[in-house]
Structures are given as structure tokens and as C-alpha cells.
Peer 1: 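Let me begin by handing over the structure; questions about it come next.
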Amino acid sequence: MHKDNNNTGAPSTPTARLRHRKRSSEAVGDASKENGGRLLVNDQNKYKSMWIRAQSTIWMIGSFAFVVYMGHLYITAMVVVIQIYMAKELFNLLRKANEERQLPGFRLLNWHFFFTAMLFVYGRILNQRLYNTVTSGKSLYQLVISLIKYHMVICYSLYIAGFMWFILTLKKKMYKYQFGQYAWTHMILIVVFTQSSFTVANIFEGIFWFLLPATLIVINDIFAYICGFFFGKTPLIKLSPKKTWEGFIGASITTMISAFVLANIMGRFQWQTCPRKDLSTGWLQCDPGPLFKPEYFTLPGWIPQWFPWKEISILPVQWHALCLGLFASNNSTFRSFFASGFKRAFKVKDFGDSIPGHGGITDRMDCQMVMAVFAYIYHQSFVVPQSVSVDMLMEQILRSLPYEEQYTLYTRLAELIRGRPT
């Protein structure tokens, strides 16, 4: 009788006991993977990672604010350094040590393609600014004009040299790995470098068009984490079980409000709104244009008398900022899903470990890249006037005509102006 009581509700055979333990462990594992209707705030183990993540975030925001304060060239240098670190993380993602030992100099070839692409893209973006910066002497002027004129030829020649280098280094029994690395390198250039290079274009259109989109991504990421941490119960997508609807909705509302408010604050500083026409460092002063001139609206009569403001000022650019906020809170989220799926495909948690609590540089910059592309396209399509301007004509003249023909053109224009009746 005593024996029967001890065996009540327990498996009667060793096999049954093994199956019972297996089912129990699987049930616990599944519960730990999903939110299961529990708030993450009740999980004490999450507080340590949250504190580490918060420290890294404060450090990154402080460094970022200092670089932005220093100006256009320093921001561009920061973007270049970030791109190099991203390329390094992605190059290492598919790297195989055994194959690399048999291919000396093969990693150097990848960097050759990377810096060739950097020379091509940045040369296209910054050539006019370079001309406006170094025109003090005739010999230097001729050198700059030659570099601008033959820029595409130089970049194409460097690429062909790299292509020939790749062909000459093909090694028997290594073809699959070498061609895989060749394709991987070009995917990095197209998907990562090309997209992130739009960031530099935004910087020289005005720091505002770089700083606001980048800040909105940071705000969306922070509040998605905070709202999900304290209120998250409902999983958003199976690809990322930790993403919740509560975090997504809370971050979207916060990002939209932040976009409207921050645009009003940032838009009142000329050093942020003025485009940079050269590669000098100093503070800018310019006509801010209608987008950054406040419009005043009288509040309706049903507003209570105790409300301190009777009218409000709104910058027209704030309505554009709402579009940027909407994109940052929605489409960039799906970019993070893409990155999550990508990492799961390669069975890695993060692209790197350079930022404590966040992973690698690529983990933090994946959404920034797509946001930079959208901000540039939006700015060129809906903000920049779509008509011929003096700057556009001057750029074509400086690019296409040699010095002597430019001088002839200016002389004839002067004669035409003098000959017109006043």
C-alpha cells in the first residue's frame, strides 16, 4: 500500500519517465520564448541588460550631439567611420578562417572595392563643394577641374583593376568561396554603402535634414523598447518574438509627436537649416526660406481662458516632419524585421559586439540607412523647387566648360547686361 501511494501520478516505466521529463522541458522552453501575456517588467533578469543598454545609449547620444555641434565635415567623417565599421562587421559575417589562410591578400581586395565605391559616390556628392573650396590658385583650380572631369574614368579604372585582381587570384578548389565573397562584397556596397551614403547628401543639404530623421529613428527605437518593456504583452510578429504591438503603437505615437515638436526647435537655428556649399568649417548664415519662417495661428474661442497661449507659431517644415515621423515609426520597423530575419538566416544574434547592450554598429544603423534614403528622396521631391536655378546652371558650367570658355561666357554676359536699358 505504501508503494502504491508513492507511485500515484508518476510514470510507471523508465521510458515513460523520460518522456515525461522531455515534455516538461519543452513546455518551459516554449513559455520562455514567447511573452505569454506576461509583462517584461516583471522579469528581474531584464533590468541588468536594460541598465547596460541605457548606459551605452547615453554615451552614444552624447558623442553624437558633440559631433553634430562641430559641423558638416565632422558629421561626414563620423558617417565614413561608421560605414567602415559596418563593412568590417559584414565582411566578417561570412569569413572562413581556413579558406582565408589559403588566399593571402584576398581580404585586401574586398577593401579595394569598398574604397573605390566610396571614392565614386562621395566624388559625385562633394565635387561641387570641393570646387567652391579650393579655387585660390590657377594650378590648383586646373587640378580640381581635371579630377571632377575624369572622376568617373578614375573610379571605373580602379574597379576594373580590382576585377582583374580578382580573376588573377582565382585558385583551384576555392572558386565557390571566392565567387561567394565577390558577390557578398557587392551586396554590401549596394545594400549598405550606397544607402548610407545618402546620409552625406542630406548633411550638405542642411544639418536639419540629417539630424531630424536620425533623431526620429533613435526616439522610435528607445520608446519601442520602453513601451514594450513596461506594457508589452501581444507579440507583433513571429520573426521577432520580443517585438510587441504595445511597443510599436507607443513608439509610433511618441515619434510623431516628437517629429512635430523637434522640427519647430531645430528649424529656428540657421546653422542647421542652411545648406553647405563648400567644405569649410564655420557657422552658416543664410535666408532660411519660407519653410523655416514661422506662421502664427490664433487659437479658437472654445479654448479655456486659463490656457496661457492665445496664438501659436508653426513652421511649415513641421508638416513635412510629420511625414518623416510616420515613415520612421512604420517602415523602419520593418527594416529591423528584415535585419532580424537576416541574422536568423546566418544564425547570429548580432552583427557584432562593439556596443554593449546593442550589438554591433550595423545593428544600430540598419534603420538609419533606409531613413536616410527616404529623407533624401522626400527632400528632393517635395521640398527642393523643381525649376532651373542659378546654382544648377553654375554647376553645369563649372563641370562642362574649361577655364577659357567660362571666362568668355562671363564676358559676354557682362556685355549683355551693360547693353540692356535700365
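One-based numbering along the sequence shown.
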Peer 1: Heavy-atom count check: over 12 atoms from other residues, nucleotides or ligands less than 6.0 Å from Phe115 CZ?
Peer 2: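 Yes, CZ of Phe115 has more than 12 neighbouring heavy atoms, counting only those of other groups under 6.0 Å.
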Peer 1: For Trp302, give me all partners under side-chain contact (heavy atoms from CB on, under 4.5 Å), at least two apart in sequence or on another chain.
Peer 2: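 For Trp302 the side-chain contact (heavy atoms from CB on, under 4.5 Å) partners, ignoring immediate neighbours, are Pro300.
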Peer 1: Could I get the full list of ring-ring contact (aromatic ring centres under 6.0 Å, His included) partners for Phe179, not counting sequence neighbours?
Peer 2: Phe166
Peer 1: Does Val383 reach the side chain of Trp209, with side-chain heavy atoms less than 4.5 Å apart?
Peer 2: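 Yes, their side chains come closer than 4.5 Å.
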Peer 1: Restricting to non-hydrogen atoms, name the atom on Leu158 and the atom on His112 that form the minimum distance, rounded to 0.1 Å.
Peer 2: O-NE2, 2.8 Å
Peer 1: Answer yes or no: is there a donor N or O on one side and an acceptor on the other, between the side chain of Asn264 and the main chain of Gln318, under 3.5 Å?
Peer 2: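 Between the backbone of Gln318 and the side chain of Asn264 there is no qualifying donor-acceptor contact (under 3.5 Å).
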Peer 1: Considering all heavy atoms of both residues, which atom of Thr244 and which atom of Gly232 are nearest to each other, and what is their separation?
Peer 2: OG1-CA, 3.5 Å
Peer 1: Minimum heavy-atom separation for Val317 to Ala263, with atom names?
Peer 2: CG1-O, 4.2 Å
Peer 1: Would one find more than 12 heavy atoms of other residues, nucleotides or ligands at under 6.0 Å from atom CE of Met152?
Peer 2: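 Result for CE/Met152: open.
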Peer 1: Is it the case that the ring center of His379 lies less than 6.0 angstrom away from the ring center of Phe204?
Peer 2: no
Peer 1: Would you give the length of the straight line joining atom CD1 of Ile303 to atom OG1 of Thr298, rounded to the nearest 0.5 angstrom?
Peer 2: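 If we round to the nearest 0.5 Å, Ile303:CD1 and Thr298:OG1 are 12.0 Å apart.
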Peer 1: Does the side chain of Asn127 come within less than 4.5 Å of His151's, by heavy atoms?
Peer 2: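 Sidechains of Asn127 and His151: no contact.
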Peer 1: Check the angle between the aromatic planes of Phe64 and Phe210 and answer parallel, tilted or perpendicular using the 30° and 60° thresholds.
Peer 2: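 Phe64 vs Phe210 ring planes: tilted.
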Peer 1: Hey, could you give me the CZ/CD1 distance between Arg276 and Ile207, rounded to the nearest 0.5 Å?
Peer 2: 8.0 Å
Peer 1: For Ser313 and Arg268, what are the C-alpha separation, side-chain angles and deciding distance, and is it a side-chain contact (heavy atoms from CB on, under 4.5 Å)?
Peer 2: CA-CA 12 Å; Ser313 64; Arg268 297 179 184 274; 3.0 Å; yes
Peer 1: Check the pair Gln368 / Val218 against side-chain contact (heavy atoms from CB on, under 4.5 Å), numbers first and verdict last.
Peer 2: CA-CA 9 Å; Gln368 292 286 0; Val218 174; 3.9 Å; yes
Peer 1: Relative to the ring of Trp111, is the ring of Phe114 parallel (under 30°), tilted (30 to 60°) or perpendicular (over 60°)?
Peer 2: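 Perpendicular: the ring planes of Phe114 and Trp111 meet at over 60°.
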Peer 1: Contact between Pro288 and Lys293 at the side-chain level, heavy atoms closer than 4.5 Å - yes or no?
Peer 2: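 Heavy-atom side-chain distance check passes, below 4.5 Å.
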Peer 1: Might you work through the side-chain contact (heavy atoms from CB on, under 4.5 Å) test for Phe297 and Ile314, ending with a clear yes or no?
Peer 2: CA-CA 8 Å; Phe297 298 90; Ile314 296 178; 4.0 Å; yes
Peer 1: Heavy-atom distance under 4.5 Å between the side chains of Val68 and Ile75, does that happen here?
Peer 2: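 Side chain of Val68 against side chain of Ile75, heavy atoms only: contact under 4.5 Å found.
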Peer 1: Are any non-hydrogen side-chain atoms of Met369 and Met86 less than 4.5 angstrom apart?
Peer 2: yes
Peer 1: Give the ring-plane orientation class for Phe292 versus Phe208, where under 30° counts as parallel, over 60° as perpendicular and anything between as tilted.
Peer 2: perpendicular
Peer 1: Using only heavy-atom distances, determine whether the side chains of Thr234 and Glu246 contain a donor-acceptor pair under 3.5 Å.
Peer 2: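 Result is yes, a qualifying pair exists.
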Peer 1: CG of Asn110 to NZ of Lys88: how many Å apart, nearest 0.5 Å?
Peer 2: 14.0 Å
Peer 1: How long is the gap from CD1 on Ile148 to CG on Leu143, to the nearest 0.5 Å?
Peer 2: 10.0 Å
Peer 1: Taking the side chain as every heavy atom from C-beta outward, state whether Leu212 and Leu262 have any pair of such atoms under 4.5 Å apart.
Peer 2: yes
Peer 1: If you take all heavy atoms of Met256 and Gly325, which pair is closest and at what distance?
Peer 2: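 The pair with the smallest heavy-atom distance is SD-C, 3.5 Å.
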Peer 1: Within the supplied structure, the quantity of interest is the number of heavy atoms (other residues, nucleotides, ligands) at a distance under 6.0 Å from Glu311 CD; does it exceed 12?
Peer 2: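 Yes, because the 6.0 Å sphere around CD of Glu311 holds more than 12 heavy atoms from other groups.
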Peer 1: Roughly how far apart are Ile84 CD1 and Met118 CE, rounded to 0.5 Å?
Peer 2: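 CE of Met118 is found 5.0 Å from CD1 of Ile84.
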Peer 1: Can you tell me how far CD1 of Ile249 sits from OG of Ser329, rounded to the nearest 0.5 angstrom?
Peer 2: 11.5 Å
Peer 1: Just wondering, do Ser280 and Asp278 contact through their side chains at under 4.5 Å, heavy atoms?
Peer 2: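 A side-chain contact under 4.5 Å exists here.
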Peer 1: Which heavy-atom pair separates Ala251 from Cys227 by the least distance, and what is that distance?
Peer 2: N-SG, 4.4 Å
Peer 1: Examine distances only and state if a side-chain atom of His72 and a backbone atom of Pro275 form a donor-acceptor pair shorter than 3.5 Å.
Peer 2: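 Not a single qualifying donor-acceptor pair exists.
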Peer 1: Can you tell me if Glu295 uses its side chain to pair, donor with acceptor, with the backbone of Pro316 under 3.5 Å?
Peer 2: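 Side chain of Glu295 to backbone of Pro316, a donor-acceptor pair under 3.5 Å: no, none is there.
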Peer 1: What is the minimum heavy-atom distance between Ser252 and Asn220, and which atoms define it?
Peer 2: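 Here Ser252 and Asn220 meet closest at N-OD1, 4.2 Å.
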Peer 1: Please check this pair: side chain of Trp283 against backbone of Gln270, looking for a donor-acceptor N/O pair closer than 3.5 Å.
Peer 2: no
Peer 1: Assess the residue pair Ser197 and Gln83 against the criterion (side-chain contact (heavy atoms from CB on, under 4.5 Å)); give the C-alpha distance rounded to whole Å, side-chain angles, the decisive distance to 0.1 Å, and a yes or no.
Peer 2: CA-CA 9 Å; Ser197 297; Gln83 288 176 336; 3.6 Å; yes
Peer 1: Does the ring center of His186 lie less than 6.0 Å from the ring center of Phe113?
Peer 2: yes
Peer 1: Under 30°, 30 to 60°, or over 60°: which ring-plane class applies to Phe248 and Trp245, parallel, tilted or perpendicular?
Peer 2: perpendicular
Peer 1: Please check this pair: side chain of Thr133 against backbone of Leu279, looking for a donor-acceptor N/O pair closer than 3.5 Å.
Peer 2: yes
